[in-house]
J.: 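Input: one structure, supplied below.
Labels below follow one simple rule: chain letters A, B, ... track the order of the sequence lines, proteins then strands, and each chain is numbered from 1.
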Protein chains: 2
Amino acid sequence: MDSTSTQTKIDDITPAEWELMRIVWTKGSVYSRELISLMQQKRDWSDSTIKTLLRRLVQKGLLNTEKEDRKFKYTAAVEEIKAMDVTARQLFDHLCAMKRGQTLVNLIDHLELSQSDIESLQAVLTEKKKTAPETVKCDCLPEGMDETCDCN
Amino acid sequence: MDSTSTQTKIDDITPAEWELMRIVWTKGSVYSRELISLMQQKRDWSDSTIKTLLRRLVQKGLLNTEKEDRKFKYTAAVEEIKAMDVTARQLFDHLCAMKRGQTLVNLIDHLELSQSDIESLQAVLTEKKKTAPETVKCDCLPEGMDETCDCN
DNA sequence: ACTCAACGTTTACATTTGTCAACTCAAAAA
DNA sequence: TTTTTGAGTTGACAAATGTAAACGTTGAGT
């Protein structure tokens with residue numbers, strides 16, 4: 001992956017970068033100055049730090065810049081929902097397949113969701129239930145070694 | 001945080017470390033040899049690499065060791081579900097509060113869940129719906145700046 | 001025309017993470 | 001007893017990440 005590559009590394013957003021991306025996604029497009037001041041109201045980061053993060057985000061293909069006067073206007077190069085989906089899936093890939101459901105239950109129990117979020121979730125679950133398997137096997141051990149799994 | 005600290009860094013499990021932890025959690029307790037051979041059936045990592053990861057996991061307080069003969073028996077120092085929960089919450093903390101529901105919908109749609117997982121999810125949702133707010137506000141911008149939010 | 005403030009660019013540096021090779025020791029085998 | 005081998009320990013190193021100072025350029029104000 002050379003520096004000329006404009007490959008989007010959507011699956012590689014660091015925590016610090018998420019914070020900036022959220023602002024960009026929410027505002028649609030922002031100038032660095034605005035970004036910096038908004039960011040500094042949430043985190044105690046220096047201007048420099050933020051500029052560096054911005055530069056890296058552009059390199060990673062997550063932000064686009066448009067020169068306007070002397071300054072740059074930043075806009076997201078990837079959809080917020082897309083980034084969220086990729087990241088969430090990535091995380092769940094690390095979890096034992098057998099325990100993903102429980103993790104979701106705990107997560108949902110902990111999150112604040114709106115009435116309509118809940119309705120959408122119920123809808124997708126109803127649909128999913130029609131073809132859901134009776135059980136999902138643990139996939140923590142190498143292929144063909146499932147018998148050894150002590151999963152409770 | 002000095003090296004003598006045995007503080008459990010449960011919120012700081014790297015991808016490579018997850019792979020090892022999964023094996024430990026699934027098997028309950030394992031000797032490094034077994035761990036290494038199981039791991040090598042999934043990843044092309046050298047013995048050394050795995051030993052290093054193991055060492056770091058012990059340092060982080062995620063694995064416990066028990067000397068038996070010359071070798072160590074490794075056991076998880078934290079519960080799998082606990083680690084999963086913490087990690088999942090951490091991830092969702094990075095996402096716009098307003099779009100967490102949609103992300104969950106997409107995630108659930110993509111995961112393979114068992115009948116009972118789905119039932120548990122439906123149960124928790126039914127319960128949650130009773131007190132769920134009508135809407136959840138975007139929390140991407142600094143406090144008191146919500147009005148500026150362009151969230152769709 | 002001169003100076004300063006605002007922006008972007010370069011450098012820098014400590015940590016963390018992914019990956020290993022080399023080394024030490026004692027148990028096991030020859 | 002000498003050798004081999006399996007386990008754990010050290011040292012290394014590059015890339016990624018968090019953080020930030022210093023520097024260069026140019027438009028705006030004096």
J.: Please classify the nucleic acid contact of A/K51 as base, sugar-phosphate, or nothing, using heavy-atom distances under 4.0 Å.
T.: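 It contacts base atoms.
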J.: Would the base of D/dG18 count as contacting A/R56 through its side chain, where contact means a donor and an acceptor less than 3.5 Å apart?
T.: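 Indeed there is one.
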J.: Where the side chain of A/K60 is concerned, which of D/dA20, D/dG8, D/dT17 is the nearest nucleotide?
T.: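 Per side-chain heavy atoms of A/K60, the pick is D/dT17.
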J.: Whole Å only: how far is the CD atom of B/Q40 from the C1' atom of D/dG6?
T.: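 Value for this atom pair: 14 Å.
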J.: If you assign B/S48 and A/S46 each to the DNA chain D nucleotide with the nearest heavy atom, which residue ends up on the more 5' nucleotide?
T.: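 The answer here is B/S48.
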J.: Round to a whole Å and report the spacing from CD of A/E17 to P of D/dT19.
T.: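 From A/E17 CD to D/dT19 P: 12 Å.
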J.: Yes or no on salt bridge (charged side-chain N to carboxylate O under 4.0 Å, His left out) for A/K99 and B/D117, after CA distance, side-chain angles and deciding distance?
T.: CA-CA 9 Å; A/K99 310 200 184 72; B/D117 284 336; over 6 Å; no
J.: Could you tell me how far apart A/E68 (CD) and D/dT26 (C1') are, to the nearest whole angstrom?
T.: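 About 17 Å, once rounded to whole Å.
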J.: Tell me what B/D12 touches on the nucleic acid: a base, only sugar-phosphate, or nothing, going by heavy atoms under 4.0 Å.
T.: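 Sugar-phosphate, backbone atoms only, no base.
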J.: Would you kindly compare A/I13 and A/T52 by the position of their nearest DNA chain D nucleotide and give the one closer to the 5′ end?
T.: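 Final value for this comparison: A/I13.
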J.: Among the candidates D/dG18, C/dC20, D/dG8, find the nucleotide nearest to the side-chain atoms of B/Y74.
T.: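 Nearest nucleotide to the side chain: D/dG8.
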J.: Indicate, with a heavy-atom threshold strictly under 4.0 Å, whether A/R33 touches base, sugar-phosphate, or nothing.
T.: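 Sugar-phosphate contact only.
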J.: Go through the steps to decide whether B/D139 and B/R100 satisfy the test salt bridge (charged side-chain N to carboxylate O under 4.0 Å, His left out), and finish with yes or no.
T.: CA-CA 11 Å; B/D139 62 345; B/R100 288 179 191 147; 3.6 Å; yes
J.: Within the side chain of A/E17, is there an N or O that forms a donor-acceptor pair under 3.5 Å with the backbone of A/L53?
T.: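 A pair under 3.5 Å: no.
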J.: Between B/Q115 and A/T135 (side chain of the first, backbone of the second, donor and acceptor by atom type, cut-off under 3.5 Å), is there such a pair?
T.: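 Such a contact is absent between B/Q115 side chain and A/T135 backbone.
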J.: If you check the A/T14 side chain, which of C/dT17, D/dG18, D/dA20 turns out closest?
T.: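 Among the listed nucleotides, the one closest to the side chain of A/T14 is D/dG18.
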J.: CG of A/L35 versus C1' of C/dG8: gap in Å, rounded?
T.: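 After rounding, the gap between these two atoms is 14 Å.
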J.: Round to a whole Å and report the spacing from CD1 of B/I50 to P of D/dA7.
T.: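 Going from B/I50 (CD1) to D/dA7 (P), I get 13 Å.
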J.: Salt bridge or not for A/K130 and A/E127, using N-O below 4.0 Å?
T.: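 Salt bridge flag = yes for A/E127 with A/K130.
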J.: Please report the distance, rounded to the nearest Å, between NZ in A/K67 and C1' in C/dA6.
T.: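 Between C1' of C/dA6 and NZ of A/K67: 13 Å.
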J.: Of the listed nucleotides (C/dG18, C/dT9, D/dA20), which one gets closest to any side-chain atom of B/P15?
T.: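 The answer is C/dG18, which lies nearest to the side chain.
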J.: Within the structure, does a side-chain N or O atom of B/R70 lie under 4.0 Å from either OP1 or OP2 of C/dA26?
T.: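 No, B/R70 has no side-chain N/O under 4.0 Å of OP1/OP2 on C/dA26.
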J.: Hey, does the side chain of A/T49 come within less than 4.0 Å of D/dA20's phosphate (OP1/OP2), counting only N and O?
T.: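 So the side chain of A/T49 is within the cut-off, an N or O lying under 4.0 Å from OP1 or OP2 of D/dA20.
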J.: In terms of side-chain heavy atoms of A/K71, which of C/dC7, D/dG18, C/dA22 is nearest?
T.: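 Nearest nucleotide to the side chain: C/dC7.
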J.: Record whether the side chain of B/S32 comes under 3.5 Å of the base of D/dA7 through a donor-acceptor pair of N or O atoms.
T.: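 Not at all, since no donor on one side and acceptor on the other fall under 3.5 Å apart.
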J.: Tell me: CZ of B/R55 to P of C/dT24, nearest whole Å?
T.: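 Spelled out: CZ on B/R55 to P on C/dT24 is 17 Å.
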J.: Take the angle between the ring planes of B/W18 and A/H94 and call it parallel below 30°, perpendicular above 60°, tilted in between.
T.: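 Because their plane-to-plane angle is under 30°, the rings of B/W18 and A/H94 count as parallel.
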J.: Does A/Y31 reach a base, just sugar-phosphate, or nothing at all? Heavy atoms under 4.0 Å.
T.: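 Counting heavy atoms under 4.0 Å across all strands, no contact is made by A/Y31.
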J.: Measure from the side chain of B/L53, starting at C-beta and using heavy atoms only, and say which of C/dT11, D/dT19, C/dT19 lies closest.
T.: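 Looking only at heavy atoms from C-beta outward on B/L53, the closest nucleotide is C/dT19.
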J.: For B/K9 and C/dT15, what is the distance between atoms NZ and P respectively, to the nearest whole Å?
T.: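 So the two atoms are 12 Å apart, to the nearest Å.
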